[in-house]
Every structure is written in structure tokens, then in C-alpha cells.
S.K.: 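Before anything else, here's the structure in question.
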Amino acid sequence: QVTVVESGGGLVQAGGSLRLSCAASDGTVSSYDIGWFRQAPGKEREFVAVISWGGGSTVYADSVKDRFTISKDNGKNTVYLQMESSKPEDTAVYYCAADGVRWRRGVAVQKDQFKYWGQGTQVTVSS
């Protein structure tokens, strides 16, 4: 059974930093691509970043490139999203998700490729 649980959200001032964590069931992060998505009020859920199951590939949305970093710790079954230089437009509920395909060739980036979703964690960036 694949499960993911987000934590680490909160309130941060513009320009500040925050680290989100995605705790997964045993073996998940070493077998499935793990992605972060976000959804702001009244908007569609959008892709933020993904890390491949092998850890060798990461992909970022243009809006967060050079500000956010995705990483993982296989031993802790956890994926992290380090947010730097936060902006008010980063305010959203952030979701962690695991790919629906084990040991995918290539990297999953489309929302419908991800099958296992967490409940989300709220991030609010104040101006």
C-alpha cells in the first residue's frame, strides 16, 4: 500500500524559507517518482516539482525554478521541498503525490500520472 503524508506548512514572510516534508510508506520513494503540486484558491492544481525514483532526475515548474529544491532521503522514506525566496503567489495548499507506475522510464510530470495523493499542507506567504 502506497501512502504519502505532507507536513511542514505554515506562515512565512515574503523572501523567507520553508521546508515541506513528504513521508511515504516503506520503499515508496526508491520505487516511484514523487512530485509536489499546489493549488491556490479558485485555481487548478499545478505541478511544482518532481524527483525520479532513482534520484537522478528533477524537474521544476518555471515559476519555482532557482527558488525551490526537491530532494529525498531513501532511508527515511521522505521527500523534501525546500522553499527559498518565497513570494505571496506561492500561497497554496501543497500536495505530495506518488507516481502510479513503479520504476518509470523517464520522469512523471503530468498530474494524471500520479495516483497516490496526500491530504495537503497549507503554505501562506505574507507580503
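All residue numbers in this chain count up from 1 along the given sequence.
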S.K.: Are a donor atom and an acceptor atom from the side chains of Glu84 and Ser17 found within less than 3.5 Å of each other?
M.R.: yes
S.K.: Quick check: is Val79 connected to Val107 through a chain of hydrophobic side chains (ILVMFWY, heavy atoms under 4.5 Å apart)?
M.R.: no
S.K.: Between Phe114 and Tyr32, is the gap from one ring center to the other below 6.0 Å?
M.R.: no
S.K.: Answer yes or no: is there an ion pair linking Lys65 with Asp62, defined by an N-O contact shorter than 4.0 Å?
M.R.: yes
S.K.: Give the minimum heavy-atom separation between Ser63 and Arg38, together with the two atoms involved.
M.R.: OG-NH2, 3.5 Å
S.K.: Distance alone, cut at 3.5 Å: any donor-acceptor contact between the side chains of Tyr80 and Arg19?
M.R.: no
S.K.: Can you measure from OG (Ser30) to CH2 (Trp103) and round to the nearest 0.5 angstrom?
M.R.: 8.5 Å
S.K.: Side-chain heavy atoms nearer than 4.5 Å, only ILVMFWY residues, links allowed to pass through others: does that put Phe37 and Val109 together?
M.R.: yes
S.K.: So which heavy atom on Glu6 is nearest to which on Thr121, and how close?
M.R.: CB-CG2, 3.9 Å
S.K.: Run the side-chain contact (heavy atoms from CB on, under 4.5 Å) test on Val12 and Ser126 for me, step by step, so that the C-alpha distance in whole Å, both residues' side-chain angles and the decisive distance to 0.1 Å come before the verdict.
M.R.: CA-CA 6 Å; Val12 62; Ser126 63; over 6 Å; no
S.K.: If you compare all heavy atoms of Asp33 against all heavy atoms of Arg104, which two are closest, and at what distance to 0.1 Å?
M.R.: OD2-CD, 3.9 Å
S.K.: Short question: side chain of Gln113, backbone of Ala108 - any donor-acceptor pair under 3.5 Å?
M.R.: no
S.K.: Once you round to the nearest 0.5 Å, how far does CG of Leu81 lie from OH of Tyr60?
M.R.: 7.5 Å
S.K.: Measure from the side-chain N and O atoms of Thr78 to the backbone N and O of Lys76, and report whether any donor-acceptor pair falls under 3.5 Å.
M.R.: yes
S.K.: Should Ile51 and Leu18 be counted in the same cluster of Ile, Leu, Val, Met, Phe, Trp and Tyr side chains packed under 4.5 Å apart?
M.R.: yes
S.K.: Between Ile70 and Ile34, what is the shortest heavy-atom contact and its length?
M.R.: CD1-O, 3.8 Å
S.K.: Without swapping roles, check the side chain of Lys72 against the backbone of Val29 for a donor-acceptor pair under 3.5 Å.
M.R.: yes
S.K.: Indicate, with yes or no, if Val4 and Val50 share a hydrophobic cluster defined by side-chain heavy-atom contacts under 4.5 Å among Ile, Leu, Val, Met, Phe, Trp and Tyr.
M.R.: no
S.K.: How close do Tyr94 and Val48 get, heavy atom to heavy atom, and via which atoms?
M.R.: CE2-CG2, 4.4 Å
S.K.: Aromatic ring centroids of Phe68 and Trp36 under 6.0 Å?
M.R.: no
S.K.: To the closest 0.5 Å, what do you measure between OG (Ser86) and CD (Gln13)?
M.R.: 10.5 Å
S.K.: Apply side-chain contact (heavy atoms from CB on, under 4.5 Å) to the pair Val123 and Leu20, showing each step before the final yes or no.
M.R.: CA-CA 9 Å; Val123 172; Leu20 306 184; 3.9 Å; yes
S.K.: How close do Ala14 and Ser127 get, heavy atom to heavy atom, and via which atoms?
M.R.: CB-CA, 4.3 Å
S.K.: When rounded to the nearest 0.5 angstrom, what distance separates CD in Gln82 from CZ in Arg67?
M.R.: 12.0 Å
S.K.: One pair to check against side-chain contact (heavy atoms from CB on, under 4.5 Å): Tyr116 and Asp99. What are the steps and the verdict?
M.R.: CA-CA 7 Å; Tyr116 308 97; Asp99 192 358; over 6 Å; no
S.K.: Check for a donor-acceptor pair, side chain of Thr91 on one end and backbone N or O of Thr124 on the other, with a separation under 3.5 Å.
M.R.: no
S.K.: Under 6.0 Å from the six-membered ring centre of Tyr95 and within 45° of its axis: does the NZ or CZ of Arg45 meet both?
M.R.: yes
S.K.: So, taking the atom named CD in Gln122 and the one named CD in Gln39, what distance separates them when rounded to the nearest 0.5 Å?
M.R.: 11.0 Å
S.K.: For Ser52 and Gly55, indicate whether the former's side chain and the latter's backbone hold a donor-acceptor pair under 3.5 Å.
M.R.: yes
S.K.: Got a second to check how far Cys96's SG is from Gln119's CD, nearest 0.5 Å?
M.R.: 12.0 Å
S.K.: So, does Asn77 use its side chain to make a donor-acceptor pair with the main chain of Ala24 at under 3.5 Å?
M.R.: no
S.K.: Is there a donor-acceptor contact under 3.5 Å from the side chain of Ser25 to the main chain of Gln1?
M.R.: yes
